[in-house]
Amino acid sequence: MDNFEEQGKGGEGVSRRGLLGAAITGGAGAALAPLLGNRAAAAVPASSPSAPPASSAAGMTLHVNGQAHWVEIEPRVTLVDALRDHLGMYGTKKGCDHGQCGACTVLINGVRVNSCLTLAAMHTNEEITTIEGLADGDRLHPVQEAFIEHDGFQCGYCTPGQICSAVGLIHEGHTKTDDQIREGMAGNICRCGAYSNIVDAVKKAMKVS
Ligand code: FES
Ligand code: FES
């Protein structure tokens, strides 16, 4: 029995099962907040300018998980920030914000993309899929099922990006071996080191997809 399970049974902590389910479906943000440090607070500037510059926000429609969303955002807003801060889709995680960790991976027209490296305004005519859009109602996506079956995560922070990346990798159709899976998933960092289980999960999902 691990610490997560012990906490859950005590009724005061967060159960491992609850955390994992939330991570898989994209709802891990609130549950994992205590584990993520005070990232948001650290990003707040010490002082704000007394007269903020005039907003250059523009209205646009983003098509996310099969639904059209009207947003008013500045052209400089990245896709990950649009998803999280303007659409309230916190399943997509923000790690490095520099294209180096893969936590923010989403699918754009089926192709995996680091959403911190692209502007939302560039994707108004494209179909964006996030971790929240992979399941079919109560039925998890085969990659989500495989991650659960093979325990492909621990804290779950990297998991939405890992799963979106795996969906894109499988769709690309050129990955066959464990080494190719490792290479194909190399852009998605897991600080918990769940790599071998992630490879097993992707391999399983490849067979059933
Ligand atoms: Fe986008 Fe790290 S947050 S790659
Ligand atoms: Fe914790 Fe990957 S499961 S960072």
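In this chain, numbering begins with 1 at the start of the sequence shown. What you see below is based on every heavy atom in this structure, not just the backbone, and it leaves out hydrogens, waters and symmetry mates. Counting starts at 1 for both ligands and their atoms, in listed order.
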So which of [options] actually passes side chain to side chain contact (heavy atoms under 4.5 Å, CB included) with [X]?
X: C158; options: S165, C101, C190; result: C190
X: C116; options: T92, D97, D81; result: D97
X: V106; options: L83, T129, N65; result: L83

Residue [X] vicinity, atoms of ligand 1 by number, heavy atom under 4.0 Å:
X: D97; answer: 2 (Fe), 3 (S)
X: C96; answer: 2 (Fe), 3 (S), 4 (S)
X: C116; answer: 1 (Fe), 3 (S), 4 (S)
X: G99; answer: 4 (S)
X: G95; answer: 3 (S)
X: C101; answer: 2 (Fe), 3 (S), 4 (S)

Do [X] and [Y] belong to the same hydrophobic cluster, where Ile, Leu, Val, Met, Phe, Trp and Tyr are linked whenever their side-chain heavy atoms lie under 4.5 Å apart, directly or via other members?
X: L119; Y: I128; answer: no
X: Y195; Y: Y157; answer: no
X: V77; Y: V80; answer: no

Please determine if atom 2 (Fe) of ligand 2 has an N/O/S atom from C155 lying under 2.8 Å away.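 C155 does not place any N, O or S atom closer than 2.8 Å to atom 2 (Fe) of ligand 2.
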Please check: side-chain N/O of N188 versus main-chain N/O of G161, any donor-acceptor pairing under 3.5 Å?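 Flag set: sc N188 to bb G161 pair under 3.5 Å.
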If you have a sec, work out which protein heavy atom is nearest atom 3 (S) of ligand 2 and how many Å separate them, to one decimal?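 Answer, as residue, atom name and distance: Q154 N, 3.2 Å.
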Ion pair present between E145 and R139, side-chain N to carboxylate O less than 4.0 angstrom?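 R139 and E145: not salt-bridged.
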Short list, please: which atoms of ligand 2 are under 4.0 Å from a heavy atom of [X]?
X: C158; answer: 2 (Fe), 3 (S), 4 (S)
X: G156; answer: 1 (Fe), 3 (S)
X: R191; answer: 4 (S)

So, taking the atom named OG1 in T118 and the one named CD1 in I108, what distance separates them when rounded to the nearest 0.5 Å?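 That separation rounds to 5.5 Å.
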Under 4.0 Å, heavy-atom basis, I'd like to know which part of A194 is in contact with ligand 2: side chain, backbone, both or neither.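 Contact part for A194 vs ligand 2: neither.
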Any N, O or S atom of C104 closer than 2.8 Å to atom 1 (Fe) of ligand 1: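 Checking C104: at least one N, O or S atom is under 2.8 Å.
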Can you tell me if H98 has an N, O or S atom under 2.8 Å away from atom 1 (Fe) of ligand 1?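 Within the cut-off used here (under 2.8 Å), H98 places no N, O or S atom near atom 1 (Fe) of ligand 1.
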Could you tell me whether the side chain of E126 reaches within less than 4.5 Å of the side chain of H63, counting heavy atoms only?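 No, too far: nothing below the 4.5 Å cut-off.
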Is the contact between Q100 and ligand 1 made by the side chain, the backbone, both, or neither, using heavy atoms and a 4.0 Å cut-off?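 It is the backbone that gets close, since no side chain atom is under 4.0 Å.
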